[in-house]
Asks: 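One structure, as structure tokens, below. Some questions next.
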2 protein chains.
Amino acid sequence: MVEWDPYDRNCPTRKVLDRIGDRWTVLVVGTLAGGPLRFSELAARIDGISQKMLTQTLRGLEQDGLVTRTVTAAVPVRVDYELTTAGRSLQEPLKALEDWAKEHMASILDARDRFSVEAPR
Amino acid sequence: MVEWDPYDRNCPTRKVLDRIGDRWTVLVVGTLAGGPLRFSELAARIDGISQKMLTQTLRGLEQDGLVTRTVTAAVPVRVDYELTTAGRSLQEPLKALEDWAKEHMASILDARDRFSVEAPR
DNA sequence: CAGGATCCAGAGGGATACTG
DNA sequence: CAGTATCCCTCTGGATCCTG
């Protein structure tokens, strides 16, 4: 395996970090973790996402081989999204992040409050 | 502990995900994992970051209680940044992400290539 | 050295309207 | 239903110049 270095600006891993960094990717992958879902189901479960962002995020994940898009010809059309093997493997580190966020929320919110009080900047 | 829900648009964990999602946060925390560093050292190791973004990222982390900022009065001034306990705990899930990125880079790049060829959209 | 302040182009992303 | 297309505005973030 080649040695990737995210600290080099030209390293492709930067692009991957960007994709993951996308606020919606974490939530979409997390939502699909439970199994395949339709477009509308995803939209319903991820509060606040616009259809534009949902489409865009799904396209990105599809492009990276992390999600499959299955169209079932019917009226009306049915489209299912499902994590690939690679996608499921991503779900693990993402869940670690999500867990971390939940675990440290209280202390972070606390720190933010105190910061605005002190901060002799 | 309260039940946080990132899938709710009003949940504060959304803000935390945003902060983590910041492309620079991952790299800054990763760089500080090895121990305290000065501003200029950070800037030197993280290729492509502007001083504005570095400052901004550090302020954010400081505000969230993940990084401490220590000023040593001298001429010229010396400022060290160091991960707090909470910061070090974040370093773990972030490293998981970094590792994932390195591990799947090849297949992702491959998928992107193939995508541009097919894609009968 | 470690930044604060400013300017500014461009991407991100929401709202709305339309289509196969 | 599952998008695509368009408008438009906000915020990101880089470049540059200045200061304790």
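The sequence lines fix the lettering, A, B, ..., with proteins before strands; numbering per chain opens at 1.
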Asks: On the nucleotide dG3(C), are OP1 or OP2 found under 4.0 Å from the side-chain N or O atoms that R69(B) carries?
Replies: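 Yes, R69(B) has a side-chain N/O under 4.0 Å of OP1/OP2 on dG3(C).
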Asks: Rounded to whole angstroms, how far apart are CZ on R59(A) and P on dA2(D)?
Replies: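 Whole-Å distance recorded here is 12 Å.
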Asks: Does dA2(C) have OP1 or OP2 under 4.0 Å away from a side-chain N or O of S40(B)?
Replies: yes
Asks: Could you tell me the separation between the CH2 atom of W24(A) and the C1' atom of dG13(C), rounded to a whole number of Å?
Replies: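 Result: 9 Å.
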Asks: In whole Å, what is the span from the CZ atom of F39(B) to the P atom of dG20(D)?
Replies: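 In whole Å, dG20(D) P and F39(B) CZ are 18 Å from each other.
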Asks: Can you measure M53(A) atom CE to dG3(D) atom C1' for me and round it to whole angstrom units?
Replies: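 So the two atoms are 14 Å apart, to the nearest Å.
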Asks: Do D110(B) and R112(B) sit within salt-bridge range, that is, some charged N less than 4.0 Å from a carboxylate O?
Replies: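 Salt bridge flag = no for R112(B) with D110(B).
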Asks: Go nucleotide by nucleotide along DNA chain C from the 5' end; which of I49(A) and V77(B) gets its closest nucleotide reached first?
Replies: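 Going by which nucleotide is closer to the 5' end, it is V77(B).
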Asks: Side chain of T57(A), backbone of W24(A): donor and acceptor closer than 3.5 Å?
Replies: no
Asks: Please report the distance, rounded to the nearest Å, between NZ in K15(B) and C1' in dC11(D).
Replies: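 Distance, rounded to whole Å: 14 Å.
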Asks: Tell me if a side-chain donor or acceptor on T13(A) pairs with a main-chain N or O of A101(B) at a distance below 3.5 Å.
Replies: no
Asks: Is it the case that atom CD in E41(A) sees more than 12 heavy atoms from other parts of the structure closer than 6.0 Å?
Replies: yes
Asks: Rounded to whole angstrom units, what separation is found between the CD atom of E41(B) and the P atom of dC1(C)?
Replies: 11 Å
Asks: Please determine if a side-chain N or O atom of Y81(A) lies less than 4.0 Å away from the OP1 or OP2 oxygen of dC1(D).
Replies: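 Y81(A) to dC1(D) OP1/OP2: no side-chain N or O under 4.0 Å.
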Asks: Compare every heavy atom of L94(A) with every heavy atom of V26(A), then report the nearest pair and how far apart it is.
Replies: CA-CD1, 3.9 Å
Asks: If you assign R23(A) and R38(B) each to the DNA chain C nucleotide with the nearest heavy atom, which residue ends up on the more 5' nucleotide?
Replies: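 With R23(A) and R38(B) compared, the 5'-side residue is R38(B).
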Asks: Grab the CG-P distance between D22(B) and dT12(D) for me, whole Å please.
Replies: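 Answer to the nearest Å: 10 Å.
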Asks: Could you check which of dG3(D), dG14(D), dA2(C) has an atom nearest any side-chain atom of V79(B)?
Replies: dA2(C)
Asks: Please give, in whole Å, the distance from dC8(D) P to K52(A) NZ?
Replies: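 Atom-to-atom, K52(A) to dC8(D), this comes out as 13 Å.
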Asks: Where each residue is assigned the nucleotide of DNA chain D containing its nearest heavy atom, which of Q56(B) and P76(B) is assigned the position nearer the 5′ end?
Replies: Q56(B)
Asks: Would you indicate what Q51(A) reaches in the nucleic acid, counting non-hydrogen atoms under 4.0 angstrom: base, sugar-phosphate, or nothing?
Replies: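 Here Q51(A) touches the bases of the nucleic acid.
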